[in-house]
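Structure first, commentary second.
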Amino acid sequence: MKSVGYFRSFIGWIKIEENDGAIVSVDFLEDSKPKKVFSESKTIKECKKQLDEYFKGKRKKFDLKVMITGTDFQKKVLRVTEKIKYGETLSYSQVAEMVNKPKAFRAVGSVLKQNKVPLLIPCHRVIGKDGSLRGFAKKIQIKKKLLKFENKNLKRGVIED
């Protein structure tokens with residue numbers, strides 16, 4: 001059964017979609033008021049709770065069932081990206097090396113551009129080799145805000161291991 005929910009954050013509205021107990025999509029809405037939702041699944045409610053904790057600086061890792069689809073290469077890239085720690089970054093080249101395809105950094109970028117569950121699989125933590133912000137489905141400002149937010153929380157000591 002499919003369910004949809006919306007969450008308001010400092011980066012704007014986030015649309016969450018779930019199917020059969022797994023999160024299948026997290027989408028950043030652009031100045032769009034969400035549709036009214038009459039009931040939300042338990043999974044959507046839990047995702048919203050964890051997003052709230054994240055945006056309050058109390059959560060650094062999500063504990064939700066996430067549906068990951070694609071080729072073996074795409075799944076490997078997403079699994080590596082999922083393990084990047086809060087407040088840390090890796091380059092596209094580093095991710096490519098970690099999936100044993102050192103020359104596939106552009107392909108890594110392509111996979112992450114198609115990530116259907118950003119935040120939950122934190123593709124905002126993957127940056128250019130030179131430290132530049134790239135990709136993130138052309139939402140660089142959101143990527144910049146998320147990285148700054150995580151860095152600030154780590155420095156303040158809000159997040160604990």
Side-chain angles (χ1 to χ4, degrees), residues 1-7 9 11-30 32 34-35 37 40-51 53-55 59-151:
M1 186 164 110
K2 190 173 181 177
S3 181
V4 175
Y6 297 89
F7 180 82
S9 73
I11 59 171
W13 284 100
I14 298 171
K15 179 181 179 184
I16 308 156
E17 294 184 38
E18 171 263 336
N19 196 6
D20 291 329
I23 303 297
V24 296
S25 175
V26 172
D27 192 23
F28 304 113
L29 304 180
E30 294 181 26
S32 178
K35 297 176 184 174
V37 176
E40 295 177 338
S41 70
K42 195 166 94 172
T43 303
I44 292 287
K45 288 177 184 176
E46 180 60 25
C47 183
K48 287 173 65 173
K49 175 182 169 266
Q50 291 188 29
L51 284 171
E53 293 167 351
Y54 170 83
F55 284 109
R59 173 177 289 275
K60 64 180 179 178
K61 186 175 180 183
F62 294 96
D63 184 25
L64 298 161
K65 183 177 177 187
V66 175
M67 183 179 294
I68 296 177
T69 59
T71 65
D72 286 343
F73 174 75
Q74 291 167 330
K75 289 177 184 178
K76 284 178 187 177
V77 167
L78 292 171
R79 292 287 180 217
V80 165
T81 304
E82 190 174 35
K83 294 177 183 170
I84 302 172
K85 293 181 180 179
Y86 186 99
E88 294 183 5
T89 58
L90 290 178
S91 71
Y92 294 95
S93 298
Q94 288 172 305
V95 173
E97 289 172 17
M98 293 171 82
V99 297
N100 297 317
K101 299 280 185 183
K103 295 182 180 181
F105 55 90
R106 285 188 181 92
V108 166
S110 180
V111 170
L112 296 180
K113 184 177 182 179
Q114 298 172 47
N115 178 10
K116 294 184 187 281
V117 287
L119 283 178
L120 308 184
I121 296 180
C123 53
H124 64 278
R125 297 179 189 154
V126 183
I127 62 174
K129 191 175 187 177
D130 62 359
S132 63
L133 302 184
R134 300 177 184 183
F136 207 62
K138 299 183 183 176
K139 297 181 182 179
I140 297 296
Q141 290 306 315
I142 292 174
K143 184 173 193 164
K144 186 176 183 177
K145 286 179 183 179
L146 291 170
L147 290 171
K148 186 176 179 180
F149 170 75
E150 290 182 5
N151 194 0

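Remember, predicted model here, so these are calculated numbers, not experimental data. Heavy-atom basis, side chains included; hydrogens, waters and symmetry copies ignored. Nothing fancy with the numbering, it's 1 onward along the sequence.
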query: What's the verdict on side-chain contact (heavy atoms from CB on, under 4.5 Å) for His124 and Leu119, showing C-alpha distance, side-chain angles and the deciding distance?
result: CA-CA 7 Å; His124 64 278; Leu119 283 178; 4.2 Å; yes
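- Among all heavy-atom pairs drawn from Pro118 and Cys123, the shortest one is CB-SG, 4.0 Å.
- Under the 6.0 Å cut-off for aromatic ring centres, Phe62 and Tyr86 do not qualify, their centroids lying 6.0 Å or more apart.
- Put simply, the side chain of Val24 does not reach to within 4.5 Å of the side chain of Val66, judged on heavy atoms.
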N/O donor-acceptor pairs under 3.5 Å from side chains in residues 73-85, not counting sequence neighbours:
residue	atom	partner	partner atom	Å
Gln74	OE1	Thr71	N	2.7
Gln74	OE1	Thr71	OG1	3.4
Arg79	NH1	Glu82	OE1	3.0
Thr81	OG1	Val77	O	2.8

- request: Using the side-chain hydrogen bond (donor to acceptor under 3.5 Å, both in side chains) rule, take Glu150 and Tyr54 through it: C-alpha gap first, then chi angles, then the decisive distance, then the call.
  value: CA-CA 9 Å; Glu150 290 182 5; Tyr54 170 83; 2.7 Å; yes
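- Judged by distance alone, the side chain of Lys143 and the main-chain N or O of Val126 form a donor-acceptor pair under 3.5 Å.
- With rounding to the nearest 0.5 angstrom, the CG atom of Leu64 is 8.0 Å from the OG1 atom of Thr43.
- For the residue pair Asp130/Ser132, the side-chain donor-acceptor check at 3.5 Å is satisfied.
- With no hydrogens or angles considered, a side-chain donor-acceptor pair links Ser41 and Glu18 at under 3.5 Å.
- In this structure, Ile44 and Ser3 approach most closely via the heavy-atom pair CG1-OG, 3.7 Å.
- Remark: Arg106 engages no residue in a side-chain contact (heavy atoms from CB on, under 4.5 Å) (not counting sequence neighbours).
- The pair Lys49-Glu53 counts as a salt bridge, with a side-chain nitrogen and a carboxylate oxygen less than 4.0 angstrom apart.
- Considering all non-hydrogen atoms of both residues, Ile127 and Gly131 come closest at CD1-CA, 3.9 Å.
- Under 3.5 Å, the side chains of Tyr6 and Glu40 contain no donor-acceptor pair of N or O atoms.
- Residues that satisfy the side-chain contact (heavy atoms from CB on, under 4.5 Å) test with Phe7, not counting sequence neighbours, are Ser9, Ile14, Ile16, Lys48, Leu51, Asp52, Phe55.
- Closest non-hydrogen pair, Arg125 versus Gly87, comes out as NE-N, 4.2 Å.
- Taking all atoms of both residues into account, the shortest heavy-atom contact from Lys129 to Ser93 is CD-OG, 4.0 Å.
- The nearest pair of heavy atoms linking Lys15 to Val4 is CE-CG1, 3.8 Å.
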